[in-house]
Q: 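Before anything else, here's the structure in question.
Just so you know, residue 1 is the first one in the sequence shown, and it goes up from there. Whatever order the structure lists them in is the order used to number ligands and atoms, beginning at 1.
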Amino acid sequence: MKTITLLQPDDWHAHLRDGLALKRTVPDLAKQFARAICMPNLVPPVKTVAEAEAYRERIMAHVPEGVAFDPRMVLYFTDHTAPDEIKKIKDSAHVNAIKLYPAGATTNSDNGVSDIRKVYAVIEQLEKYQVPLLLHGEVTHSHVDIFDREKRFLDEVLSPLLKQFPDLKIVLEHITTKEAAHFVLEQDRNVAATITPQHLLFNRNDMLVGGIKPHFYCLPILKRQTHQQTLLEVATSGNPKFFLGTDSAPHAQDAKENACGCAGCYSAPTAIELYAQAFDQAGKIERLEGFASHFGADFYGLARNTNTITLVQEEQTIPAQLDYLDDQQIIPLYAGKTIQWRKV
Ligand code: NCD
Ligand code: ZN
């Protein structure tokens with residue numbers, strides 16, 4: 001039986017939510033990952049270092065006994081973010097970055113930035129202090145086709161931004177297209193990207209052929225297979241600009257199986273095994289450790305983990321459903337399906 005041992009991975013993009021949801025999300029993530037970037041799109045959002053510290057305490061209260069888990073916090077960028085909040089991030093022991101959601105781009109993004117040119121005074125501070133700007137990279141104009149929104153963001157927002165601020169540290173989150181992969185490859189070391197398990201394992205046919213499958217619906221939306229292929233190539237290439245970020249995002253079953261279903265896939269409980277499946281299918285399982293356990297920490301300037309985890313090539317069936325909140329369920333990504341890797 002094949003086994004692989006890697007330094008414990010980190011998840012550089014996760015949604016844990018708040019309140020009762022933490023009972024589900026924190027143990028699911030902490031059983032695999034040593035650290036996670038905890039996305040700030042709560043209602044209301046996490047806008048200051050003080051709010052991030054308080055949110056971190058609420059997360060820590062749900063870390064199981066004997067498990068070491070280090071939530072890394074992020075602020076939510078709004079039109080009103082104060083430039084001097086950035087120095088506070090730099091000086092903070094727990095906050096590592098700020099996340100920019102174009103207003104209206106995705107779940108809980110209504111308080112996001114309405115026009116990036118309005119917040120250049122804050123971006124100047126990010127460049128000065130080398131605090132990473134995490135980007136949801138999609139334009140939101142109603143006339144732009146949903147499958148083109150990431151590409152248009154590169155041309156219309158990101159290229160001009162990098163011209164103005166060439167040393168800005170940027171993570172283009174959950175990239176989904178070959179254009180985004182190539183864009184990242186063409187930049188200097190200050191531009192990196194996260195890639196989710198769903199964008200490596202699936203494409204829009206999985207979501208749309210033979211009936212609409214709402215549990216594959218996330219934003220940015222799954223694209224055609226040629227994009228999936230490019231994402232697999234760059235993720236498994238050993239290039240340190242590409243690293244693990246699950247974008248695991250819980251929504252109750254009712255909210256997804258709905259005439260207007262929410263965006264987000266919940267992968268946290270088996271995320272590292274899903275990535276192992278994708279890397280193995282590409283014949284590159286030996287490249288998993290760099291992607292999952294080295295490159296993200298290096299980009300954020302944090303020490304790599306020192307403990308290890310072991311994965312064994314053995315069938316496991318993903319649970320059909322998981323308990324959530326008081327009386328609800330989550331249907332996890334790839335529910336009821338069998339994959340070939342298991343964490344021991
Ligand atoms: C995320 C969520 O549910 O918070 N949803 C998603 O489809 N990815 C938000 C996000 O990261 O876009
Ligand atoms: Zn996300």
Side-chain angles (χ1 to χ4, degrees), residues 10-19 21-22 24-25 28-29 33 36-46 55 59 71-77 96-113 132-140 146-147 149-150 153 170-177 180 192-202 204 206-207 212-223 231 243-258 260-268 271 274 296 324-325 328 330-333:
D10 301 304
D11 183 353
W12 300 101
H13 185 135
H15 299 269
L16 289 99
R17 314 294 190 215
D18 207 351
L22 297 173
R24 169 88 258 158
T25 57
D28 280 349
L29 212 58
F33 297 105
I37 281 278
C38 304
M39 284 297 169
N41 60 333
L42 307 182
V43 186
V46 179
Y55 179 34
I59 294 170
R72 306 310 311 172
M73 309 312 290
V74 179
L75 304 192
Y76 185 112
F77 208 146
N96 288 96
I98 188 162
K99 174 77 183 279
L100 189 151
Y101 295 92
T106 185
T107 307
N108 300 341
S109 63
D110 299 348
N111 295 294
V113 170
L133 174 64
L134 316 186
L135 291 173
H136 184 109
E138 290 191 286
V139 297
T140 54
I146 188 170
F147 291 100
R149 288 178 174 205
E150 184 173 273
F153 183 88
I170 286 178
V171 183
L172 196 51
E173 298 291 339
H174 42 49
I175 60 168
T176 64
T177 58
T194 53
I195 308 182
T196 76
Q198 61 267 28
H199 292 101
L200 292 176
L201 286 167
F202 308 112
R204 64 195 195 182
D206 296 290
M207 181 174 59
I212 292 181
K213 323 254 182 10
H215 300 291
F216 285 118
Y217 175 60
C218 67
L219 288 171
I221 199 161
L222 292 176
K223 305 295 192 298
L231 296 176
F243 48 82
L244 185 157
T246 62
D247 195 20
S248 179
H251 292 277
Q253 181 176 10
D254 297 2
K256 300 260 324 154
E257 297 175 10
N258 187 295
C260 184
C262 300
C265 300
Y266 191 66
S267 59
L274 287 164
Y324 189 50
L325 307 177
Q328 305 194 45
I330 293 177
I331 309 298
L333 182 65

Q: May I ask you to list the atoms of ligand 1 that are less than 4.0 angstrom from any heavy atom of His13?
A: 11 (O)
Q: Can you sort out which atoms of ligand 1 are near Leu219, meaning under 4.0 Å from one of its heavy atoms?
A: 6 (C), 7 (O), 8 (N), 12 (O)
Q: Is His136 close enough that one of its N/O/S atoms sits under 2.8 Å from the Zn ion (ligand 2)?
A: no
Q: Among all the protein's non-hydrogen atoms, which is closest to atom 5 (N) of ligand 1, and how far away is it?
A: Ala263 O, 3.1 Å
Q: Atoms of ligand 1 less than 4.0 Å from His136 heavy atoms?
A: 12 (O)
Q: Please confirm if an N, O or S atom belonging to His15, backbone or side chain, lies less than 2.8 Å from the Zn ion (ligand 2).
A: yes
Q: Please step through side chain to side chain donor-acceptor pair (under 3.5 Å) for the pair Thr176 and Lys223, ending with a clear verdict.
A: CA-CA 7 Å; Thr176 64; Lys223 305 295 192 298; 2.9 Å; yes
Q: Just which atoms of ligand 1 are under 4.0 Å from any heavy atom in Cys218?
A: 7 (O)
Q: Can an N or O of Thr107 be found at a distance shorter than 3.5 Å from an N or O of ligand 1?
A: yes
Q: Do Val46 and Met73 have side chains that get closer than 4.5 Å, going by heavy atoms?
A: no
Q: Determine yes or no for a side-chain-to-main-chain donor-acceptor pair under 3.5 angstrom, with Arg17 supplying the side chain and Thr25 the backbone.
A: no
Q: Closer than 4.0 Å to some heavy atom of Ala249 - which atoms of ligand 1 meet that?
A: 1 (C), 2 (C), 3 (O)
Q: Classify the ring geometry of His174 against His136: parallel below 30°, tilted from 30° to 60°, perpendicular beyond 60°.
A: perpendicular
Q: Looking only at heavy atoms, is any part of Asn41 under 4.0 Å from ligand 1, and if so is it the side chain, the backbone, or both, or is it neither?
A: side chain
Q: With distance as the sole test, does Asn258 use its side chain to make a donor-acceptor pair with the main-chain N or O of Cys260 at under 3.5 Å?
A: yes
Q: Is there side-chain contact between Leu16 and Tyr55, with at least one heavy-atom pair below 4.5 Å?
A: yes
Q: Pick, from Arg17, Lys99, His174, Met39, the option with the minimum heavy-atom distance to atom 2 (C) of ligand 1.
A: Arg17
Q: For Asp247, what is the atom name of its N, O or S atom nearest to the Zn ion (ligand 2)?
A: OD1
Q: Please say whether more than 12 non-hydrogen atoms of neighbouring residues, nucleotides or ligands are located less than 6.0 Å from CD1 in Ile146.
A: yes
Q: Do Phe153 and Pro102 touch side chain to side chain, with heavy atoms closer than 4.5 Å?
A: yes
Q: Starting from atom 9 (C) of ligand 1, which protein heavy atom do you reach first, and at what distance in Å?
A: Thr106 OG1, 3.4 Å
Q: Check for me whether Asp247 has a heavy atom closer than 4.0 Å to any atom of ligand 1.
A: yes
Q: Taking side chain as C-beta onward, heavy atoms only, is Arg149 less than 4.5 Å from Leu219?
A: no
